[in-house]
Structure formats: C-alpha cells, structure tokens
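Every number for a ligand or one of its atoms is a count from 1 in the order of the listing.
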Amino acid sequence: MITLVRNIGELITNDGSGPYRKSGFAFTFSSGLINWVGPETDAPDHCDHVIDAAGCAVLPGFVDSHSHLIFAGDRSAEFAARMNGETYAAGGIRSTVAATRAATDTELRSNCASLVDEFHASGITTFEIKSGYGLDVENEVRSLRIAQEFTPETTFLGAHVIPREFAEDPDAYVDLICGEMLTAALPYSRWIDVFCDKGAFNPDQARRILRAGADAGLLVKLHANQIESIGGIDVACELSAISVDHLTHTSDSELNNLAGAGIVATLLPGVEFSTRSDYPDARRFFDAGVEVALATDCNPGSSFTTSMQLMIALAVREMHMNVDQAIRAATLGGAHALARTDIGVISPGMKADFIVLSAPSIDFLAYRPGVPQIAHTYLAGKALTT
Ligand code: NIG
Ligand code: FE
C-alpha cells in the first residue's frame, strides 16, 4: 500500500539538496519506507492512501540520542534546593540508585513506558536508553534488559558514579565494570558510556572502561565537560567515540579536537536549564566545524523532561542556534550520534519516521515555547499519535 503525504506547508528532508525548507513538496512511503520525494505536481498518480498535512510543516522524526529512562523515584526536592542556591553534584545519582534497586521490574517497566509515551507525543521516533542507576551486576543487567524492550539503542553506563559500597576502593568498582559486569551487560547493549567528570570517573578510569567496552564490540560515547573539563575529550578522541555529550565547558582546542576526530557533540540544554548553569554557545561548535546533536538527557536528576520541542527552543534562545540548525541537530544530528544511516532524512529508502506539526513552519517549535506543536508522529509509516 502506497501512502502520499501532500499539502505540506514546508518539508524538511535533511537530504542536502536545495533549500533547507522545501515548499510545494510531497512524498510517498510504503511498507514503512520512504519511496519517493519531490514537487507535489510530480507525485505518482496511483496512491492507495493520502495524508493531507493541511498546510502544516512536516519533518523527520526527532532522534533523542541520550536518555536515562530506567529509574525509580524522583529528585524534585534536589531541584527545588538548586533553585534555592544549591549547586548540582554528581553524587545525587546515588539516591536514584537506591530507589531503582528497590523497585520491581514492573515498576521500572511502567515508569519507562510512560516516559516513552511522552517521547512519542513530543515527536521523538528513535531514542537511546542508558543503564546507570543499578550499579551492580544484577541491577545493571536488569535495567538494560528492560531498556531493550523499548529500543535497540541501549547503552551500558555502569560507570555513572562510584556506588556507596565501593566508596573506599573505586578502582575495584572499575575492575568489576570491566570484567563481570561488562560480560553480563553485553547481550543487552549496543553502546558503552562513562560519566567522566568531577565527582564521577577520572580520564584514566574512563579510558580503561571504554577500551574494555570497545574491545568487546560496543560503540563508544561519553558524558564529559558537564561540571568541569577534566580531560574526557582526549579520551573520547583516543577511543574513536561516536559522540561526546554535555560539553557545557569546552575550550577552543577541545572543539578543534572533536572536529578533527569527527565526533558528534551532543548538547543537552535541559541540563543547563535544570541545574541553572550557563549554556554553551553553539556558534563556537559550528564555527569549529563540529557536528551538533540535541538530546533531552531525560533523567530524574539533571533534566527531567521528554520534550524535544523545549530542547529546540532552548537551543535557539539560549545557545544561539538558528531554527534550521536546531532542527537538524534534533533529527540528523541525533541519527549521527547514534551511528544510524536509516533515519533522520526523508529520502527514498529511509525509514518513514516523520512528524506533522500543527503549524505552518518549523519556526513555531521555538517561537511558541511551552505550547505543543506536534500534531502527529509517524513511526515506520504508522501513526503513533492521532
Ligand atoms: O547526563 N551527568 C551525568 N548523568 C546524568 C545525570 C544523572 C543524575 O543526576 O541522576 C546526566 O546529566
Ligand atoms: Fe546523561
């Protein structure tokens, strides 16, 4: 069955051809894949089904390459304390670890399922989920097993923070991660990640862990330069990471190194918002030639949001992206941060993951902050929201 999407206000294809915003364009898909894109006047005559976009904008589904959806409890009191002057510290993660270990599988699964519903309503069609609130073999594996029920993009983040029981001997925890925990996590993971920052893991520990993961066949990504620059970017370059995430504090030479290594910079404006930190200036990243992705980092500590639309609005208003740059970062940038070549672009052969807005242009995603602009989300050609 061939479906034609027509009467599109502006179409974002991310295919690199023509203007970024295409007017008068339509496309068709069948069996979950795009098969034709072009001027509506050239559309194929025989289509079985028509989606009338009613003059609204259509764009690729958002790709959220960084989230932590397997957890229990919340940290609203910690957020309120920050808004009263406290600063964010990595140690807060341990309170979510305690709540997560105490939760049943059913509780973790149902919390994750409702956040995934929010992702879909926010236009997110592909998303990554990390472990990292278990921090022992059983609970890290359990987190990844549940995460894998929702997405193939699962990330082993046993190196989120040193758990309390290893406070006196952090290197013994690094040994555990690189040995038994990694072996048990492997069947459920595509990625390995480390939180390399003040109060979490130092660059030597990060290097050991990422190397062990890479040797076992996992793709490498890294949390770095959120709280301070302590050398994580050098490690990411050595280990050929696909993406480095956060980058709140990044020097010019670190940006040049990221550009030279072809590593995607994943910016997470929900974190600066929720920790009341200064936002990185995205113009510096673009000027240095770094590819940029935007992600929610949905987690209960530093960014409890599932709204990619809010990330776009913050990236535009606070990080100085223009709207086209922010949309590209939230779609194709995210696809590259996940090393995916089948999503993020509307062109023949790509997955038919797309969003129909309730507005005529993508500007409305930043221009109407706090007001949902997603009318319909389609995943492999199937409507997730109606
Ligand atoms: O990406 N920075 C490290 N990890 C998460 C925060 C986790 C938490 O505070 O619970 C992040 O921001
Ligand atoms: Fe994170």
Side-chain angles (χ1 to χ4, degrees), residues 64-82 86-101 103 108 111-112 115 119 127-135 139-140 143 147 153-164 191-202 205-206 209 220-230 232 236 241-250 264-277 279-280 293-306 308 311 314 334 337-338:
D64 189 349
S65 61
H66 184 142
S67 87
H68 308 245
L69 298 195
I70 307 295
F71 64 88
D74 72 77
R75 302 210 323 257
S76 52
E78 190 187 301
F79 172 79
R82 278 203 300 277
E86 295 291 317
T87 50
Y88 177 81
I93 292 168
R94 294 192 190 96
S95 64
T96 300
V97 170
T100 304
R101 287 177 178 176
L108 294 179
N111 189 42
C112 182
L115 294 168
F119 270 172
F127 50 87
E128 177 258 20
I129 300 180
K130 301 173 198 301
S131 65
Y133 292 116
L135 307 190
N139 284 292
E140 282 297 299
S143 299
E153 302 299 342
T154 52
T155 300
F156 172 42
L157 180 61
H160 202 180
V161 76
I162 307 280
R164 281 187 219 290
W191 297 85
I192 185 146
D193 192 351
V194 174
F195 182 19
C196 180
D197 217 315
K198 180 183 167 194
F201 293 82
N202 66 37
Q205 294 167 328
I209 295 163
V220 172
K221 48 167 60 204
L222 188 64
H223 285 68
N225 295 46
Q226 174 194 350
I227 300 167
E228 275 181 18
S229 168
I230 63 165
I242 305 291
S243 174
V244 178
D245 303 25
H246 280 289
L247 301 171
T248 312
H249 307 281
T250 311
V264 178
T266 300
L267 302 182
L268 309 168
V271 175
E272 283 83 27
F273 178 89
S274 184
T275 60
R276 196 174 267 154
S277 304
Y279 292 85
L294 265 179
T296 64
D297 193 12
C298 180
N299 77 78
S302 67
S303 181
F304 198 12
T305 180
T306 47
M308 190 63 90
M311 301 306 102
L314 292 173
L338 288 179

For [atom], which protein heavy atom lies nearest, and how many Å away is it?
atom	value
atom 4 (N) of ligand 1	H160 NE2, 2.7 Å
atom 11 (C) of ligand 1	D297 OD2, 3.0 Å
atom 12 (O) of ligand 1	S302 OG, 2.5 Å
atom 2 (N) of ligand 1	Q226 OE1, 2.7 Å
atom 7 (C) of ligand 1	Y133 OH, 3.2 Å

Straight-line distance of F195 CZ to H68 NE2, nearest 0.5 Å: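 Between F195 CZ and H68 NE2, I get 8.5 Å after rounding to 0.5 Å.
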
Between NE2 on residue H160 and CG on residue L135, distance to nearest 0.5 Å: 8.0 Å

Distance under 4.0 Å to a non-hydrogen atom of [X]: what atoms of ligand 1 satisfy this?
X	result
H246	1 (O), 2 (N), 11 (C), 12 (O)
Y88	6 (C), 7 (C), 8 (C), 9 (O)
I93	7 (C), 8 (C), 9 (O), 10 (O)
H66	1 (O)
G301	8 (C), 9 (O), 10 (O)

F71 and Y133 aromatic ring geometry - parallel, tilted or perpendicular at 30°/60° bounds: perpendicular

Geometric class of the H223/H66 ring pair [parallel <30°, tilted 30-60°, perpendicular >60°]: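 The rings of H66 and H223 stand perpendicular, inter-plane angle above 60°.
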
Would you check if [X] and [Y] make a side-chain contact, meaning some heavy-atom pair closer than 4.5 Å?
X	Y	value
P163	V97	no
L267	M311	no
L69	F119	yes
R276	R82	no
F201	I230	no

Closest non-hydrogen atom pair between W191 and A337, with its separation: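 Taking W191 first and A337 second, the nearest heavy atoms are CH2-O, 3.4 Å.
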
Nearest non-hydrogen partners of V161 and I93, listed with the distance: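 Minimum heavy-atom separation between V161 and I93: CG1-CG2, 3.7 Å.
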
Option from T266, T154, T155 for which side-chain contact (heavy atoms from CB on, under 4.5 Å) with E128 holds: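 Of T266, T154, T155, side-chain contact (heavy atoms from CB on, under 4.5 Å) with E128 is met by T155 alone.
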
Polar protein atoms near the Fe ion (ligand 2) [N, O or S; cut-off under 2.8 Å]: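 Checking every protein N, O and S atom gives H66 NE2, H68 NE2, H223 NE2, D297 OD1.
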
Residue-ligand contact F71/ligand 1, heavy atom below 4.0 Å: no

Test item, T96 contacting ligand 1 (heavy atom, 4.0 angstrom): no

